[in-house]
Amino acid sequence: MVLQRTSHAVYDTKYHLVWAPKYRKWVLRDAIRDRVEELLKEIAQHHGFEIEEMEIAMDHIHIFLSFPPRYSIARVVGMLKSISASEIFEEFPKVKNELWGGEFWEDGYFARTAGDRVTADEIKRYIQHHRDRTGNQLELF
């Protein structure tokens, strides 16, 4: 177990987060996919989050990360989604044509912590093997 430290906390928390573009459109491809991956890594580094695994499918994202307990899951997801969406809309204005309504990401997200039933290694393997580009959803259990 590798413990993380801040000035006021010692922690070992890992979260599996999943969310999708608005209308689950297949917009996460080519240059947009690459830029979203880069942006998420930059945002994570800037805020002290540690991404252990990430996979960006054409219509959704899986991230397995750790972040300091001063942040809530909702705040972390909000930061990752809002900052990346603003940058993508600025750098790729034509994507707005596919996402009518002015939003890049769906409002919701999935969150799970690694623990007794689902271990960190299982989540990492799931994300690594999730690279099925056919659009089929793989089963975790």
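We number each residue from 1, following the sequence as shown.
Side chains of I83 and L39 form no contact here, defined as non-hydrogen atoms less than 4.5 Å apart. A 4.5 Å side-chain heavy-atom check between I61 and L40 finds at least one atom pair inside the cut-off. Contact annotation: the side chain of Y15 never approaches that of V76 to less than 4.5 Å [non-hydrogen atoms, C-beta and beyond]. The closest side-chain heavy-atom distance from I43 to E87 is not below 4.5 Å.
Remark: K96 pairs with no residue by the side chain to side chain donor-acceptor pair (under 3.5 Å) rule, at least two apart or across chains. For F104, the ring-ring contact (aromatic ring centres under 6.0 Å, His included) partners are F89, not counting sequence neighbours. In terms of the salt bridge (Lys or Arg N to Asp or Glu O under 4.0 Å) criterion, K81 has no residue partners (sequence neighbours excluded). Applying the salt bridge (Lys or Arg N to Asp or Glu O under 4.0 Å) test to K25 and every residue at least two apart in sequence or in another chain returns nothing. Checked against side chain to side chain donor-acceptor pair (under 3.5 Å), K124 has the following partners two or more places apart in sequence or in another chain: E52. Residues satisfying the salt bridge (Lys or Arg N to Asp or Glu O under 4.0 Å) criterion with E103, sequence neighbours excluded, are K22. Every residue meeting the salt bridge (Lys or Arg N to Asp or Glu O under 4.0 Å) condition with E38, not counting sequence neighbours, appears here in chain and number order: R35. Residues satisfying the side chain to side chain donor-acceptor pair (under 3.5 Å) test with W105, not counting sequence neighbours, are S84. Taking E42 as the reference, nothing meets the side chain to side chain donor-acceptor pair (under 3.5 Å) condition, with sequence neighbours excluded.
When all heavy atoms of I32 and V27 are compared, the closest pair comes out as CG2-O, 3.5 Å. Across G108 and W19, no two heavy atoms sit closer than the pair O-CB, 3.8 Å. Among all heavy-atom pairs drawn from T6 and P68, the shortest one is CG2-CB, 4.0 Å. Closest approach of R5 and Y11 over heavy atoms only: N-CE2, 4.3 Å. The two atoms that bring L28 and A57 nearest to each other are CB-O, 3.2 Å, heavy atoms only.
Remark: I127 CD1 to I63 CD1 distance equals 8.5 Å, nearest 0.5 Å. The line from CD of Q128 to CE of M54 is 13.0 Å long, rounded to the nearest 0.5 Å. Put simply, CG on L80 and OH on Y109 are 11.0 Å apart, with the number rounded to the nearest 0.5 Å. The distance from the CZ atom of F64 to the CD atom of E50 is 10.0 Å, given to the nearest 0.5 Å. Atom-to-atom distance recorded for L65:CG and E53:CD is 12.0 Å, nearest 0.5 angstrom.
Ring geometry for H60 versus H62: interplanar angle over 60°, hence perpendicular rather than tilted (30 to 60°). Note on ring orientation: taking the six-membered ring where Trp is involved, the planes of H16 and Y126 are perpendicular (angle over 60°, cut-offs 30° and 60°).
Annotation: Q45, atom CD; neighbour count of heavy atoms from other residues, nucleotides and ligands within 6.0 Å does not exceed 12.
No donor-acceptor pair under 3.5 Å is formed between the side chain of Q4 and the backbone N or O of V10.
Judged as a side-chain hydrogen bond (donor to acceptor under 3.5 Å, both in side chains), not a single pair has a partner in residues 66-76 (not counting sequence neighbours).
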